[in-house]
2 protein chains.
Amino acid sequence: MPKVGMEPVRRKALVDAAMRVIGDHGSLTVTMSEIAKQAGVSPALAHHYFGSKEQLLIETVRSHLQRLRDSVVMELSAAKTPREKLSAIIRVSFQADQFAPETIAAWLAFYAEAQRSEETRRFLVIYARRLRSNLLANLKALCPHEDAERIAEGAAAMIDGLYIRQSLRSAPISIEASIALTEDYINALLAPLSKKGRPSKGQIK
Amino acid sequence: MPKVGMEPVRRKALVDAAMRVIGDHGSLTVTMSEIAKQAGVSPALAHHYFGSKEQLLIETVRSHLQRLRDSVVMELSAAKTPREKLSAIIRVSFQADQFAPETIAAWLAFYAEAQRSEETRRFLVIYARRLRSNLLANLKALCPHEDAERIAEGAAAMIDGLYIRQSLRSAPISIEASIALTEDYINALLAPLSKKGRPSKGQIK
DNA sequence: TATTTTTGATTGACTGATCAATCAACAAAA
DNA sequence: TTTTGTTGATTGATCAGTCAATCAAAAATA
């Protein structure tokens, strides 16, 4: 085996391994040994590259959020109208790999960790803001601004709520049903509204 | 100091202490020592009464859920109509002590724990089912059954989602706003419906 | 080209701290 | 004197983090 330029390879392997271990362990109380073993290296090497367990965990959150962000960007650029973009955001939130039990377990663990780790919290806040602002921007094209704020808040909450409920794995809701519930919410709140505030009968002001 | 009948007193003190410690620690990785100190007894006594840390934690979840349940029952009995009962359920979910940062942190920790502890998971499943079925029962009085199912699912998700978003403590949503968002959801989805499925103009079948 | 030197990658063994859990002993009430 | 409550001291396990030593490739030198 070669000997140079291993660093990026090992870092990625360790971050991926951490994600997997956290996922099926369902918590951040995982040991460096478990992660290292999963990545096929010694625990000492994990410390060598990341300095501390906390740092490795933070990189793991970062990487996960980055991947999610990339998905959103890609899907958003494919969608044309604001309404299509809203659907794209929803679709990505519930896409299969995001909605897998291990991924959801990891999410939950990250949220719990954010109660103690300021840095983890910051990442999740960024994610939450991005979700909200993506929704908001497109809603503003479809209804008055104040309504858009409310609806964005509600839709974001619903998405996160569907996640957390999924984590209990009792009567799990399918991906399609989750998408439908969120779409319904947006449609129902948008229905009586329109860009410039059409009251009820299609009269444009 | 007196000497008999201490057991229930100590158990309650320890469970309450655990809740407090978990709350401001924001995680279940708390030590028996911390809990015992908070309760003003020695760690050995905590083990004496609960046998293990896990058992104490489980009792803590149970006690918390029981208190919530009591609140719901009380508020529900005060409400008369189905629509009022729906509002009562929502109101309890967001009542001040439930929505306090430490309580939310504790909830989150319990959800994370449920990934590993079957018993904790069972309690949370029971809570989730109860919330859903309380909503469902009252919704059924207001719209067709299939619609009631969807709306109950969505409202439950929204409630949980508002909780989890609150845990990030960035741009926190007020109690009133949280209630308003959930009420809006129900109103919006209920609007085009009625008990026997009036299509759109008030014609009763 | 052959050799030595340097450098990055990697690990086994170890340390120190933390903690759940146990237990023997003691105090006070019954 | 029996029972209940209570604790300090201790044990054993687990882990994050450190370190000195090894190995093999690459670079420098002859």
Side-chain angles (χ1 to χ4, degrees), chain A residues 1-22 24-61 109-110 112-113 115-120, chain B residues 1-22 24-61 109-110 112-113 115-120:
Chain A
M1 286 298 178
K3 271 290 140 170
V4 88
M6 277 293 102
E7 177 155 356
V9 177
R10 295 305 189 204
R11 290 187 93 98
K12 182 168 187 323
L14 282 162
V15 163
D16 290 352
M19 190 65 198
R20 248 171 296 139
V21 173
I22 291 167
D24 49 56
H25 203 276
S27 127
L28 285 198
T29 62
V30 294
T31 68
M32 285 299 249
S33 301
E34 286 174 285
I35 297 172
K37 180 186 247 183
Q38 175 72 217
V41 298
S42 78
L45 195 66
H47 274 100
H48 175 65
Y49 284 127
F50 289 93
S52 73
K53 179 183 170 183
E54 169 148 36
Q55 206 51 45
L56 169 51
L57 260 24
I58 286 170
E59 291 300 317
T60 305
V61 180
F110 291 151
E113 175 70 5
Q115 303 297 308
R116 275 175 301 117
S117 158
E118 182 56 32
E119 206 160 353
T120 302
Chain B
M1 286 302 177
K3 273 290 142 169
V4 87
M6 278 292 102
E7 174 152 0
V9 176
R10 295 304 190 204
R11 290 188 92 99
K12 181 167 187 322
L14 282 162
V15 162
D16 290 351
M19 191 63 198
R20 248 171 295 140
V21 173
I22 291 166
D24 49 53
H25 203 277
S27 128
L28 286 197
T29 62
V30 293
T31 68
M32 285 299 251
S33 301
E34 287 174 284
I35 297 172
K37 180 187 249 185
Q38 175 73 216
V41 299
S42 78
L45 195 67
H47 274 99
H48 175 65
Y49 283 126
F50 289 93
S52 73
K53 180 184 170 183
E54 170 147 34
Q55 205 51 44
L56 168 51
L57 260 23
I58 286 170
E59 290 300 320
T60 305
V61 181
F110 292 150
E113 175 70 6
Q115 303 297 309
R116 273 175 303 121
S117 157
E118 182 55 35
E119 206 161 353
T120 301

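Lettering of chains follows the sequences in order, A, B, ..., and the numbering in each one begins at 1.
Considering only residues two or more places apart in sequence or on other chains, B:Glu34 meets the side chain to side chain contact (heavy atoms under 4.5 Å, CB included) condition with B:Val21, B:His25, B:Val30, B:Thr31. Contacts of B:Thr29 classified as side chain to side chain donor-acceptor pair (under 3.5 Å), with partners at least two apart in sequence or in another chain: B:Ser27. The side chain to side chain donor-acceptor pair (under 3.5 Å) test applied to B:Thr60 returns no partner, not counting sequence neighbours. Taking the side chain to side chain contact (heavy atoms under 4.5 Å, CB included) definition, one finds that B:Ala46 meets it with B:Leu14, B:Met32, sequence neighbours left out.
Legend: salt bridge (Lys or Arg N to Asp or Glu O under 4.0 Å) pairs involving residues 50-60 of chain B, not counting sequence neighbours, sorted by first then second residue: B:Glu59-B:Arg62. The stretch residues 8-17 of chain B participates, sequence neighbours left out, in these salt bridge (Lys or Arg N to Asp or Glu O under 4.0 Å) pairs: B:Glu7-B:Arg11, B:Lys12-B:Asp16, B:Asp16-B:Arg67. The side chain to side chain donor-acceptor pair (under 3.5 Å) analysis of residues 35-51 of chain A, with sequence neighbours excluded, yields the pairs A:Arg20-A:Gln38.
Closest to the side chain of B:Leu45, out of C:dA30, C:dT10, D:dT7, is D:dT7. When the nucleotides D:dC19, D:dA16, C:dT10 are ranked by their closest atom to the side chain of A:His47, D:dA16 comes out on top.
For DNA chain C, the residues of residues 30-41 of chain A within the heavy-atom distance limit of 4.0 Å (strictly under) are A:Val41, sorted by number.
Comparing B:His48 and A:Ala44 along DNA chain D, the residue whose closest nucleotide (by nearest heavy atom) sits nearer the 5' end is B:His48.
Atom NZ of B:Lys53 is separated from atom C1' of D:dT14 by 13 Å (rounded to the nearest Å). For the pair B:Tyr49 OH and D:dT7 P, the computed distance is 10 Å after rounding to whole Å. If you measure from atom CD1 of B:Ile58 to atom C1' of C:dA20, you get 15 Å, rounded to the nearest angstrom.
One finds no side-chain N or O of A:Arg10 lying less than 4.0 angstrom from the OP1 or OP2 phosphate oxygen of C:dG8.
For the helix from C:dT1-D:dA30 to C:dA30-D:dT1, the axis fitted to the five pairs at one end and the axis fitted to the five pairs at the other end meet at an angle of 10° (nearest 10 degrees).
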